[in-house]
Every structure is written in C-alpha cells, then in structure tokens.
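Heads up: the structure comes next, in structure tokens.
Reminder, nothing fancy here: chain letters follow the sequence lines and each chain counts from 1. Because the structure is predicted, anything quoted here is derived from the model rather than measured.
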Protein chains: 2
Amino acid sequence: MNLSSERPSPRRRPSPPRRRRHGAVLEEALLEAAWEELLAVGYAAFTIDAVARRAGTSRPVIYRRWPHRAQLVLATLRAHAPSLRPDDFPDTGALRDDLLAGLRLWRDRSERIGPDVMSGLATELDHLPPDTLDASLGITREIVARAAARGEIGPRPIAAHVLVVPQAVLRHELLVRHHRPSDAELTRLVDDIALPLLRHAAGG
Amino acid sequence: MNLSSERPSPRRRPSPPRRRRHGAVLEEALLEAAWEELLAVGYAAFTIDAVARRAGTSRPVIYRRWPHRAQLVLATLRAHAPSLRPDDFPDTGALRDDLLAGLRLWRDRSERIGPDVMSGLATELDHLPPDTLDASLGITREIVARAAARGEIGPRPIAAHVLVVPQAVLRHELLVRHHRPSDAELTRLVDDIALPLLRHAAGG
DNA sequence: CAACTTTAGATGCATACCGTTTCTTGTGGC
DNA sequence: GCCACAAGAAACGGTATGCATCTAAAGTTG
C-alpha cells in the first residue's frame with residue numbers, strides 16, 4: 001500500500017532510547033509485570049495492554065510468547081506461585097492435625113493467588129491444567145497413607161473421588177462462594193466431613 | 001455544540017416504523033432476547049450489543065434498566081431459570097433415591113444454564129446473590145427430614161455445612177473442573193459421600 | 001382531544017482492548 | 001565487524017463499552 005511517498009522517515013523516538021532487553025531477562029520482566037498487574041487489578045480487569053505498559057514494552061512482545069491471556073496468567077502463576085509440594089506438609093503425627101494443616105496451607109495459598117484468578121482461569125480454559133488442581137490429591141493421599149501406617153484408620157485404599165472431597169469443599173467455598181473459611185470452619189470441615197468420610201472409606 | 005445549521009432534519013427512518021414497545025412488554029422482550037443470546041453464545045461472548053440487536057432495539061434501552069452485563073444476566077436467570085422448588089423433588093420413599101434424584105435434577109438444570117454462565121457470574125460479581133446458591137440447602141434439608149421421619153437415619157439435626165456437601169461437590173465438579181458427572185458418578189457421590197456423611201451426622 | 005410527560009429507539013462520540021502486521025534498529029552470536 | 005534475530009514502536013481494523021443527544025411515539029392528564 002504505502003509503497004512510495006508519504007512517509008519521509010521520521011518514526012520518531014519519543015524519549016530516552018531505553019536499553020533493550022532480551023531473552024530470559026525480558027521474559028522475567030514480563031512475568032513480573034504480569035504478576036504485579038494480577039495482584040493489582042485481579043483477573044477480570046487483567047489486560048495484555050496493561051502488562052505491556054507496566055513492563056515498558058509493547059503487546060507484540062507478549063503475543064510472541066503467549067497466545068492468550070489465560071496462557072500468560074498460567075505462566076505467571078507457575079513462575080510466582082509454585083504448587084505446594086508434599087514436603088510442605090509436615091507430618092504432625094496425627095491425621096486430624098495433618099488434615100487441618102494441609103487445608104490451612106491450601107487456603108492461604110489460594111488467598112495469595114486470589115479466588116478470582118482461579119475462577120477466571122477455570123472459566124476461560126476448557127480444562128485447568130491438571131497440575132493446577134490435582135497436586136492436592138497426591139497430598140491427601142500421602143496424608144492418609146501416613147495415618148494408615150500409624151494404624152489410625154483402616155488399610156482399605158480410598159477412591160479418588162472420596163479423597164478429593166475436603167479440597168473440593170474448600171475450593172467450592174473459595175471459588176464459588178467467594179468466602180474465606182476461618183480456622184474454626186476448617187476445623188469443622190475436618191471433624192464433621194473429612195474424618196468421618198475417610199474413616200468410613202478406609203474401614204475400621 | 002451543533003446548535004444551529006448542519007442538520008436539516010432527516011434522521012432517516014431505516015425500515016418499517018416498528019410498533020414501539022413499552023414497559024413490561026419491552027422488558028420481557030429484552031430478557032427473552034438476553035436469554036436466547038445466553039443460550040446461543042454463552043457467558044464469555046455475551047454482549048449488550050448483541051442483546052440489543054436481537055431484541056431489535058438499541059443499547060441505551062438496556063442500560064436504562066441494568067447497569068452492568070452481570071446484572072442483566074442475573075435478571076435473565078431469575079426470569080428464565082427459577083430456582084428448583086421442593087415439590088420438584090418427588091418423595092421416592094428412600095433417602096438414597098431421593099438424593100440421587102435431587103442431584104440428577106440439579107445437574108441437569110445446571111447444564112441448561114451452562115457452567116460458564118455461573119462461573120462467569122461468580123467471577124464478575126463480588127458475591128453471587130445467596131438465592132442463586134442456597135435454595136438447594138433447603139431441599140437437602142427437606143430430603144433428610146423425610147428420611148428421619150421414616151426412621152432411615154437418626155433424628156439429630158444436621159449442620160448446614162454438612163448438608164451442603166453433596167451439592168458443593170457436584171458444583172465443584174461442574175464449575176471448577178468443568179466436568180459433567182455421569183449417572184454412575186452421581187451414584188458414587190451418593191453412596192460413598194452423601195450417605196455416610198448424613199448417617200454419621202444424624203446418628204444411628 | 002389537545003397539551004404534556006415520559007421514554008423508546010436511533011445515532012454519534014470518546015475510549016479501551018484485541019490480535020496482527022509492518023517497520024526500524026539495537027543486540028547478541030559468530 | 002557483519003548478520004540474523006527480535007525488541008519495540010506504530011498503525012490498522014475490528015469489537016465493545018458507556019454516555020450524550022435528539023426524535024418522535026406512546027401513555028397520561030386536564
């Protein structure tokens with residue numbers, strides 16, 4: 001189109017030439033900006049534009065790396081909120097305390113990330129990548145295995161759909177009800193729901 | 001601004017003068033259009049623009065009534081997806097069947113509305129209005145009361161946070177996991193989770 | 001039924017974000 | 001020091017938002 005005339009050359013340079021970042025350095029800066037933006041405005045108001053501005057760059061730089069808003073957010077979470085690992089959960093020596101500690105840890109982590117982020121992701125992605133949700137399953141399994149080894153509960157293996165109940169209820173509370181359970185509520189969750197269920201499923 | 005000249009008067013009339021709707025008639029037409037749009041494109045792609053077009057009117061007419069997209073959607077849901085009422089749940093004569101029927105009904109209703117609508121609303125509103133969620137509590141309570149009257153379970157009153165577990169798990173499955181439980185899965189939910197919990201809480 | 005009030009519906013405007021393309025030029029690799 | 005790559009700037013065409021302005025049609029009142 002604009003083949004010939006009409007554009008002398010200016011392509012003006014607005015301000016200081018800004019040292020140009022590259023590779024890992026740039027990527028880190030982008031994720032850092034995205035993280036700050038996420039914390040600042042939440043998921044609903046999170047825009048690629050704003051991240052680019054905050055990082056002092058332009059949209060194409062972001063689009064070259066992540067195709068969607070959701071992907072960028074996911075990458076940001078992975079960089080700044082690594083999944084809880086089994087050894088984050090100390091063995092307290094009692095099933096009840098293990099469960100309680102686990103749920104508390106889990107709640108607090110969710111708080112940092114913000115329910116609306118998880119909720120927004122869940123809305124926009126067809127499936128949340130398994131590691132975002134299912135790490136917790138392994139942890140409950142571990143906690144239960146310890147209890148079984150101690151003889152606190154029966155030895156029967158427990159089906160996944162049962163193991164997952166405590167987290168499902170907690171997550172429901174956080175993501176759907178938008179409510180942060182107090183310690184007292186978590187205790188009731190353990191005493192009235194988790195323990196009866198696990199005991200019943202594990203036998204004896 | 002354009003005080004004097006510059007606009008003879010045309011303000012063209014594009015097509016047939018269209019009988020002009022008012023008040024309740026118009027409002028109903030708007031909600032109807034919104035409902036169709038919601039079913040057609042889902043929450044994420046739901047726009048005020050499209051609703052106005054579908055209703056054969058213009059955006060201001062909608063904005064005069066509802067300030068936000070979320071509010072319009074809420075009004076639409078209230079108009080077109082009334083909460084399930086206790087008498088939608090037949091008394092099958094057995095707790096297990098009552099629960100199963102209830103969950104199935106509930107799942108199917110959620111399917112009509114679409115997980116993405118609930119999920120989107122949950123993301124955009126600070127709190128879902130309680131009546132969107134909590135009607136179901138009364139229903140479980142009713143089902144349990146019937147069972148207690150039949151002597152199927154003990155007479156101890158059951159705390160709300162326990163009563164709510166089956167729906168919480170189902171809703172978690174639908175809204176967070178984006179998974180529609182099969183009948184078989186619902187059966188496991190009843191047998192492995194709901195019944196043990198309710199029996200334990202109700203005593204005997 | 002005429003005057004008046006309300007408001008539906010059309011239109012325009014400023015703003016924002018999207019996703020992409022084009023272009024220049026700084027930078028790191030060789 | 002040269003070259004390929006990509007950062008960063010800019011613009012484009014699109015869609016949506018929320019608001020303001022104007023008209024004329026409907027409903028209301030005397």
Trace of the salt bridge (Lys or Arg N to Asp or Glu O under 4.0 Å) decision for B:Arg54 with B:Asp49: CA-CA 9 Å; B:Arg54 191 184 279 269; B:Asp49 248 343; over 6 Å; no
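Here the P atom of nucleotide D:dA25 and the CG atom of B:Leu26 are 17 Å apart, to the nearest Å. Taking atom CD1 on A:Ile62 and atom C1' on D:dA7, their separation rounds to 12 Å, with Å as the unit. Straight-line distance from the CZ atom of A:Arg21 to the P atom of C:dG26: 16 Å, rounded to whole Å. Rounded to whole Å, atom P of C:dT25 lies 10 Å from atom CZ of A:Arg20. Between B:His22 atom NE2 and D:dG27 atom P there is a gap of 6 Å when expressed in whole angstrom units. In this structure, B:Glu27 atom CD and C:dT7 atom P are separated by 12 Å, rounded to whole Å.
The side chain of B:Thr57 contributes no N or O atom lying less than 4.0 Å from OP1 or OP2 of C:dA8. Dashed line: the shortest gap from a side-chain N or O of A:Arg65 to OP1 or OP2 of D:dA7 is under 4.0 Å.
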Atom pairs, N/O to N/O, protein against nucleotides 15-19 of chain D, distance under 3.5 Å?
| residue | atom | partner | partner atom | Å |
| --- | --- | --- | --- | --- |
| D:dT17 | OP1 | B:Ile48 | N | 3.3 |
| D:dT17 | OP2 | B:Asp49 | N | 3.4 |
| D:dG18 | OP2 | B:Tyr63 | OH | 2.7 |
| D:dG18 | N7 | B:Arg59 | NH1 | 2.9 |
| D:dG18 | O6 | B:Arg59 | NH1 | 3.2 |

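Listed for the A:Glu152 side chain is a donor-acceptor partner under 3.5 Å among the backbone atoms of A:Leu95. For A:Arg96 (side chain) and A:Val190 (main-chain N/O), no donor-acceptor pair under 3.5 Å exists by modelled atom type.
For a distance-only test at 3.5 Å, the side chain of B:Arg64 fails to qualify as a donor-acceptor partner of the base of C:dT7. Within 3.5 Å, a donor on the side chain of B:Ser58 pairs with an acceptor on the base of C:dA10, or the reverse.
Looking at A:Leu30 and A:Trp35, their side chains never come closer than 4.5 Å, going by heavy atoms from C-beta outward. Under the 4.5 Å side-chain criterion, counting only non-hydrogen atoms from C-beta, A:Val51 is not in contact with A:Thr76.
Partner A:Leu100 forms a side chain to side chain contact (heavy atoms under 4.5 Å, CB included) with one of A:Thr187, A:Asp183, A:Asp191 and no other, that one being A:Thr187.
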